[in-house]
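Both backbone and side-chain heavy atoms feed into the values below; hydrogens, waters and symmetry mates do not. Order of the sequence lines sets the chain letters (A, B, ...), proteins ahead of strands, with each chain counted from 1. Note that the structure is predicted; figures quoted are calculated from it, not measured.
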2 protein chains.
Amino acid sequence: MYKSPSNNNELDHLISLLSKIPGLGPRSARRAALQLIKKKDVLMRPLANALASVAENVHPCSICGNLDVENPCHICESSKRDRSLICVIEDVADLWALERAGSFRGLYHVIGGTLSALDGVGPDDLNISGLVERASDPELKEVIIATNATVDGQTTAHYITEQLKQFEINITRLAHGVPIGGELDYLDDGTLITALNSRRPF
Amino acid sequence: MYKSPSNNNELDHLISLLSKIPGLGPRSARRAALQLIKKKDVLMRPLANALASVAENVHPCSICGNLDVENPCHICESSKRDRSLICVIEDVADLWALERAGSFRGLYHVIGGTLSALDGVGPDDLNISGLVERASDPELKEVIIATNATVDGQTTAHYITEQLKQFEINITRLAHGVPIGGELDYLDDGTLITALNSRRPF
């Protein structure tokens with residue numbers, strides 16, 4: 001049986017909510033709660049305000065699915081973005097990863113997950129119809145499918161490719177191979193075989 | 001240079017606050033923020049409210065240092081507690097650990113850390129004077145010093161013992177030895193030596 005650590009409903013409620021944050025378990029949630037109380041003014045109250053304000057103001061972009069206070073989001077609205085190029089990703093975290101890398105200047109489309117027979121996720125559960133709609137834009141020339149290199153991610157990539165075949169656009173995917181800085185000795189066989197088969201002239 | 005993940009001030013502010021919670025780093029804070037946004041109504045808003053409410057209502061008990069919505073706390077006020085016994089601990093987390101164990105029925109005294117020459121923590125930075133004050137209560141018979149079994153914890157225990165010598169009370173400490181369920185092979189030498197030296201008749 002889980003025993004109330006503090007015998008105090010408000011604190012217990014906070015700890016049980018904190019323990020639901022991915023990355024925190026019951027023990028680290030207790031530690032976090034105590035730290036937060038020690039830093040009431042510099043951390044706890046600002047965090048409460050930030051959570052309430054993000055819950056209120058941040059919404060998914062109705063075009064691409066990115067999270068922003070504006071709708072459409074700042075990327076969809078930006079005049080500096082290449083509108084002939086859409087990169088399809090699973091999740092907003094992937095969008096952030098590509099933005100941190102800083103080399104992609106096109107638009108995005110967040111589908112919100114992968115097809116998964118096991119988890120019962122079908123095409124209608126993902127934002128693929130929105131992508132097909134955007135694909136009919138005559139300005140669009142290329143769709144880069146950047147779903148994760150997992151089985152589900154690649155299944156989803158194939159499904160999306162099928163859906164986009166009707167349009168006259170290039171459909172590409174990210175290159176697979178040896179990660180920069182990676183040592184061959186530590187790579188899995190699948191990546192090594194792919195890297196060999198996709199070898200490029202020096 | 002740290003790159004803004006979302007290019008969105010509100011979200012970035014939330015992520016930077018989340019990353020200050022012990023147990024979360026920048027990457028897990030980003031993941032946590034996305035999960036929170038996905039669970040706005042069941043997790044994010046309740047968490048914001050719980051944080052604000054605990055920040056407002058939970059305070060250290062003016063007698064023992066425990067955290068509670070009431071002052072004095074429910075332990076100090078309880079008629080079921082043995083008032084002849086005070087257990088001295090470093091932190092509220094230690095109080096919770098003892099309460100979870102459920103066997104101690106006395107009162108507590110949280111000193112709020114340990115003496116530490118390295119970190120510049122002196123006796124005046126800890127709530128030791130409050131303990132000395134409570135020790136003059138004629139009802140009190142025993143003080144159990146349950147600071148951690150670290151160098152700083154034990155230094156602090158010795159200092160507290162010195163301060164309490166003037167009173168006619170028993171001063172005890174937790175037993176050291178083999179943890180229940182522990183295997184000798186995995187124990188450190190210090191614990192094994194202590195367990196041997198403190199051996200008890202069968």
Side-chain angles (χ1 to χ4, degrees), chain A residues 3-11 13-14 16-18 20-25 28-37 39-60 66-70 73-75 91-93 95-97 99-102, chain B residues 3-11 13-14 16-18 20-25 28-37 39-60 66-70 73-75 91-93 95-97 99-102:
Chain A
K3 283 194 196 152
S4 150
S6 67
N7 213 345
N8 171 323
N9 287 332
E10 281 198 56
L11 251 175
H13 181 58
L14 174 63
S16 97
L17 287 171
L18 283 172
K20 288 178 189 149
I21 294 180
L24 293 180
S28 42
R30 287 199 294 268
R31 210 161 57 95
L34 286 174
Q35 277 297 317
L36 284 164
I37 291 174
K39 296 177 182 169
K40 263 186 193 175
D41 289 325
V42 291
L43 187 51
M44 196 172 199
R45 289 203 177 90
L47 182 58
N49 295 337
L51 283 166
S53 137
V54 167
E56 204 53 54
N57 300 326
V58 172
H59 298 282
N66 184 18
L67 291 167
D68 205 332
V69 287
E70 290 155 39
C73 75
H74 69 280
I75 296 180
D91 215 337
V92 175
L95 187 158
W96 290 351
E99 284 295 290
R100 281 199 302 279
Chain B
K3 281 194 196 154
S4 151
S6 66
N7 212 346
N8 171 325
N9 286 333
E10 281 198 55
L11 251 174
H13 181 58
L14 173 62
S16 97
L17 287 171
L18 282 172
K20 285 177 190 150
I21 294 179
L24 294 180
S28 42
R30 287 199 295 268
R31 209 161 60 94
L34 286 175
Q35 278 296 316
L36 285 164
I37 291 173
K39 297 177 180 169
K40 262 187 194 176
D41 290 323
V42 292
L43 188 52
M44 195 172 200
R45 289 202 178 90
L47 183 58
N49 294 337
L51 283 166
S53 139
V54 167
E56 203 54 53
N57 300 326
V58 172
H59 298 283
N66 183 19
L67 292 167
D68 205 333
V69 285
E70 290 154 39
C73 74
H74 69 281
I75 296 179
D91 215 336
V92 176
L95 188 158
W96 291 350
E99 284 295 289
R100 281 198 302 279

Closest approach of B/Met44 to A/Val54 (non-hydrogen atoms, all atoms of both residues): CE-CG1, 3.4 Å
Heavy-atom pairs under 4.5 Å with chain A, option from B/Asn57, B/Ile21, B/Asp41, B/Leu51 with the top count: B/Leu51
A/His74 side, atom NE2; A/Asn66 side, atom CG - distance, nearest 0.5 Å: 6.0 Å
Part of A/Leu14 within contact of chain B (heavy atom distance under 4.5 Å): both
When B/Pro46, B/Ala50, B/Pro22, B/Ser28 are compared by non-hydrogen pairs under 4.5 Å with chain A, the top option: B/Pro22
Most contacts with chain A, counted as non-hydrogen pairs under 4.5 angstrom, among B/Gln35, B/Arg45, B/His59: B/Arg45
Interface residue of largest heavy-atom contact number with chain B, from A/Lys39, A/Glu56, A/His13, under 4.5 Å: A/Glu56
Greatest number of heavy atom pairs closer than 4.5 Å to chain A - which of B/Val42, B/Leu18, B/Leu24: B/Leu24
Interchain contact, A/Glu70 with chain B, by part (heavy-atom threshold 4.5 Å): neither
Heavy-atom pairs under 4.5 Å with chain A, option from B/Ala52, B/Ala29, B/Ala55 with the top count: B/Ala55
Structural part of A/Lys40 lying under 4.5 Å from a heavy atom of chain B: side chain
Which portion of A/Leu36 sits near chain B, non-hydrogen atoms under 4.5 angstrom: side chain
B/Leu95 side chain near B/Ile75 side chain, heavy-atom distance below 4.5 Å: yes
CG on B/Leu11 to OG on B/Ser16, rounded to 0.5 Å: 11.0 Å
Close side-chain approach of B/Leu34 to A/Leu67, heavy-atom, < 4.5 Å: yes
